[in-house]
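As a basis for the values below, the full set of heavy atoms in this structure was taken, side chains included, without hydrogen atoms, waters or symmetry mates. In the text below, chain A, chain B and the rest are named by the order of the sequence lines, each starting its count at 1.
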Amino acid sequence: MDKYTFFDNVFDVVRQIPFGKATSYGAIAKYLGSAKSSRMVGYAMNASHQLIPPIPAHRVVNRNGLLTGKHHFGENSMQELLEAEGFVIENNQIKDFDKHFWDPNVELAL
DNA sequence: GAGGTGACGACCC
DNA sequence: TGGGTCGCCACCT
C-alpha cells in the first residue's frame, strides 16, 4: 500500500474544493492536523501539475486571498481560472475572499 | 546519507 | 504596527 503522507492528504482535500470556492494553504494544513505545515501545502501544489487528474490548485491561495502561486501556473492562468469560476481578482488578490472561502475544517467537518 | 529549499503561517520583538 | 525568525515535512542536489 502506498503510504499516505501529509503531501497526499493535501491533494485529497484540494480535490474536494467545490466549484466557485477557494481555500488557504493554512486551512488545509490545519485540517490535516498540522497548522504549521502550510509550507508543505504550497509545496504540494508544486507537484500538483504532474498529478492525474490535475487538481484545482488555483482554488488554493494564501491566507490573504493573494494569488501567490500564480507564477507557477503561468502569469494569467490562475487568475483567469478563478475569474471563470466567478471570483473577482483585484491586484492579484481575491476580492471578498471570505465570501468564497471554503474551510475544510467546517465543510469536511473533521 | 545529509543538507538546503520551498505556492505559508504564526509567533516574537 | 511592522519586520524578522522559526516551524513543518517532502523533494532535490
Side-chain angles (χ1 to χ4, degrees):
Chain A
M1 280 299 283
D2 296 336
K3 55 180 178 181
Y4 273 74
T5 61
F6 194 93
F7 219 81
D8 297 302
N9 285 321
V10 171
F11 301 139
D12 190 47
V13 173
V14 175
R15 274 194 284 257
Q16 297 181 65
I17 301 176
F19 184 93
K21 291 292 183 178
T23 190
S24 67
Y25 305 97
I28 296 173
K30 185 176 182 179
Y31 171 74
L32 296 178
S34 299
K36 295 180 180 179
S37 298
S38 52
R39 292 181 84 175
M40 288 289 79
V41 179
Y43 205 75
M45 297 297 96
N46 205 0
S48 68
H49 290 288
Q50 60 187 358
L51 291 180
I52 306 289
I55 66 179
H58 61 277
R59 294 178 187 157
V60 184
V61 295
N62 72 353
R63 181 49 182 101
N64 299 315
L66 193 66
L67 279 58
T68 53
K70 75 167 192 169
H71 293 288
H72 293 262
F73 273 84
E75 291 301 310
N76 302 333
S77 298
M78 190 171 186
Q79 179 172 336
E80 291 185 5
L81 284 168
L82 289 170
E83 290 179 337
E85 296 195 10
F87 291 96
V88 178
I89 310 303
E90 188 171 280
N91 193 20
N92 291 332
Q93 186 173 8
I94 298 177
K95 188 176 178 62
D96 297 325
F97 178 53
D98 62 324
K99 291 183 180 178
H100 297 282
F101 186 65
W102 181 84
D103 190 350
N105 297 286
V106 176
E107 303 298 333
L108 298 182
L110 181 62

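Within the 4.0 angstrom heavy-atom criterion, no nucleotide atom of any strand lies near A:Ala29. Within 4.0 Å of A:His49, counting heavy atoms only, lies at least one base atom of the nucleic acid. Among the protein residues, A:Phe7 comes within range of the sugar-phosphate backbone only, with heavy atoms under 4.0 Å from sugar or phosphate atoms but none that close to a base. Within the nucleic acid shown, A:Asn46 comes within 4.0 Å of at least one base atom, counting heavy atoms only.
Rounded to an integer number of Å, the gap from NZ of A:Lys36 to C1' of B:dC8 is 13 Å. Following rounding to the nearest Å, A:Leu67 (CG) and B:dC8 (P) show an atom-to-atom distance of 12 Å. Atoms CD1 (A:Ile28) and C1' (B:dA10) sit 17 Å apart, rounded to a whole Å. As rounded to whole Å, 17 Å separates atom P of B:dC8 from atom CG of A:Leu32. In this structure, A:Tyr31 atom OH and C:dC8 atom P are separated by 22 Å, rounded to whole Å. At whole-Å resolution of the value, CG in A:Asn64 and C1' in C:dG2 are 14 Å apart. Rounded to an integer number of Å, the gap from OH of A:Tyr43 to P of B:dG4 is 15 Å. A:Tyr4 has its OH atom 20 Å from the P atom of C:dC9, to the nearest Å.
Relative to the side chain of A:Ser37, the nucleotides B:dG9, C:dC8, B:dG6 differ in distance, and C:dC8 lies closest. Closest to the A:Met40 side chain, of the nucleotides C:dA10, C:dG7, B:dC8, is C:dA10. Distances were taken from every side-chain heavy atom of A:Thr68 (C-beta onward) to each of B:dC8, B:dG9, C:dA10; the shortest belongs to B:dC8.
The minimum heavy-atom distance linking A:Trp102 with A:Lys21 is given by the pair CB-CB, 3.6 Å. Scanning both residues, A:Phe87 and A:His100, for their nearest heavy atoms gives CE2-CB, 3.2 Å. When all heavy atoms of A:Ala44 and A:Phe11 are compared, the closest pair comes out as O-CE2, 3.1 Å.
The existence of a salt bridge linking A:Glu85 and A:Arg59 is confirmed by a sub-4.0 Å separation between a basic side-chain nitrogen and an acidic carboxylate oxygen.
When side chains are defined from C-beta on, A:Val41 does not count as touching A:Val13, because their heavy atoms never get closer than 4.5 Å.
Nucleotides of DNA chain C nearest to A:Arg39 and A:Thr5 differ in position, and the one nearer the 5' end is that of A:Arg39. In terms of position along DNA chain C, the nucleotide closest to A:Ser38 lies nearer the 5' end than the nucleotide closest to the other residue of the pair A:Ser38 and A:Phe6.
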